[in-house]
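See below for the structure under consideration.
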Amino acid sequence: MSLFETSGRIDIRGVELLRDALDRSAQEALVDDLRRVAGVAPFYHPETRRGQKFSVRMTSAGAVGWISDRKGYRYQPHHPSGGGWPSIPPQLRELWCAILPEAATPDTCLVNYYGEGARMGMHQDKDEADLSQPVLSVSLGDEALFRVGNIERGGRTESVWLRSGDVAVIGGAARLVHHGIDRIRFGSSDLLPQGGRINVTMRVAGSGPGAAA
Ligand code: MD6
Ligand code: FE
């Protein structure tokens, strides 16, 4: 078993999990920030190129946002409705700098909302221009079963329940590992009034092949 714990840091196949990185008041402040983000850039239901709806709803903050539609997936500088993305909440920027002092400045923040029954299939985060830059994720609300695999598809995997306030960093040798959310425990947290889970991922998207004008 490759799972070990050292003072709140858990290594899951190279993904670094910082348990309880945010206390309850920080989580509540972040939910308020994200409510403002969603006020400007509403959550929408993305679909795949084949027209399949994701079960999660998404929005973004930052110079660019990650979107998926019938044209495929990419970073783009505007919401699907045409408006710009709001700026990344300062609290999130500060969290990034505190945890990743060596990293470049994040230019995007993807916000995923998981309602009852939502999940996310195994995937790699590889649309960013510079894959030496890490991705930092924050979990808020209901617990979620996070599965981490390998850089190649398939093979053995390891799973862990992410809880509200946990932060995960995918970087370094693990930057391209496959990962996903098998399910959430709907109603396991009272952070979000309507239940469900929010996952925020901050990245340095840059202007690589994933970026579109
Ligand atoms: C989620 N997380 O926690 C999905 N990606 O809902 C991700 O897809 C993820 O946690 C890149 C880095 C960290 C992550
Ligand atoms: Fe991901």
Side-chain angles (χ1 to χ4, degrees), residues 9-22 27 30-31 34 43 45-46 48 54-62 65-68 73-75 88 92 95-96 99-100 103-104 106-151 153 157-186 188-189 191-192 195-206 210:
R9 285 174 183 250
I10 305 171
D11 179 284
I12 309 140
R13 301 179 74 78
V15 176
E16 189 181 15
L17 170 59
L18 308 174
R19 270 286 187 226
D20 305 319
L22 299 179
Q27 295 169 40
L30 199 43
V31 171
L34 296 172
F43 281 100
H45 247 135
T48 64
F54 282 66
S55 58
V56 302
R57 291 191 292 145
M58 295 183 182
T59 189
S60 286
W66 189 89
I67 69 146
S68 180
Y73 46 80
R74 62 200 175 275
Y75 284 103
I88 299 176
L92 280 172
L95 183 70
W96 172 281
I99 293 174
L100 300 165
D107 57 4
T108 188
C109 169
L110 173 64
V111 188
N112 291 325
Y113 175 74
Y114 295 71
E116 192 163 12
R119 56 183 300 279
M120 183 169 298
M122 294 292 277
H123 67 277
Q124 293 170 294
D125 287 38
K126 58 177 182 188
D127 300 323
E128 299 74 31
D130 180 358
L131 296 173
S132 73
Q133 294 296 328
V135 179
L136 183 151
S137 109
V138 182
S139 291
L140 295 167
D142 288 341
E143 293 171 16
L145 188 57
F146 183 57
R147 183 191 292 270
V148 181
N150 307 283
I151 293 173
R153 284 172 78 100
T157 65
E158 202 170 306
S159 296
V160 65
W161 284 95
L162 296 179
R163 304 192 295 244
S164 197
D166 288 351
V167 167
V169 176
I170 293 192
R175 181 63 176 74
L176 287 174
V177 291
H178 284 80
H179 57 278
I181 297 290
D182 288 347
R183 62 181 182 276
I184 68 166
R185 275 184 184 137
F186 189 78
S188 56
S189 161
L191 184 71
L192 305 177
R197 172 175 185 260
I198 291 175
N199 175 256
V200 177
T201 45
M202 271 183 290
R203 306 116 188 273
V204 182

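Because the structure is predicted, anything quoted here is derived from the model rather than measured. As the structure lists them, so they are numbered: ligands from 1, and atoms in each ligand from 1.
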Can you tell if the side chain of Arg197 reaches within under 4.5 Å of the side chain of Ser139, non-hydrogen atoms only?
yes
Would you call Glu128 and Arg175 a salt bridge, using N to O less than 4.0 angstrom?
yes
Counting C-beta onward and ignoring hydrogens, is there a side-chain heavy-atom pair between Leu95 and Val167 closer than 4.5 Å?
yes
Distance alone, cut at 3.5 Å: any donor-acceptor contact between the side chains of Gln27 and Ser164?
yes
Aromatic contact between His178 and His123, with the criterion being ring centroids under 6.0 Å apart: yes or no?
no
Salt-bridge criterion met for Glu16 and Arg9 (N-O under 4.0 Å)
yes
How close do Leu110 and Arg203 get, counting heavy atoms only, and between which atoms?
CD2-NH2, 3.8 Å
Is there a side-chain contact between Leu100 and Val169 in this structure, where contact means two heavy atoms from C-beta onward sitting under 4.5 Å apart?
yes
Hey, which protein N/O/S atoms does the Fe ion (ligand 2) have under 2.8 Å?
His123 NE2, Asp125 OD1, His179 NE2
Identify whether NZ of Lys or CZ of Arg in Arg185 sits under 6.0 Å from the centre of the six-membered ring of Trp161 and within 45° of that ring's axis.
yes
In order of chain and number, which residues sit within 4.0 Å of ligand 1 by heavy atom?
Tyr114, His123, Asp125, Val135, Ser137, Phe146, Ile170, His179, Ile181, Arg197, Asn199, Thr201
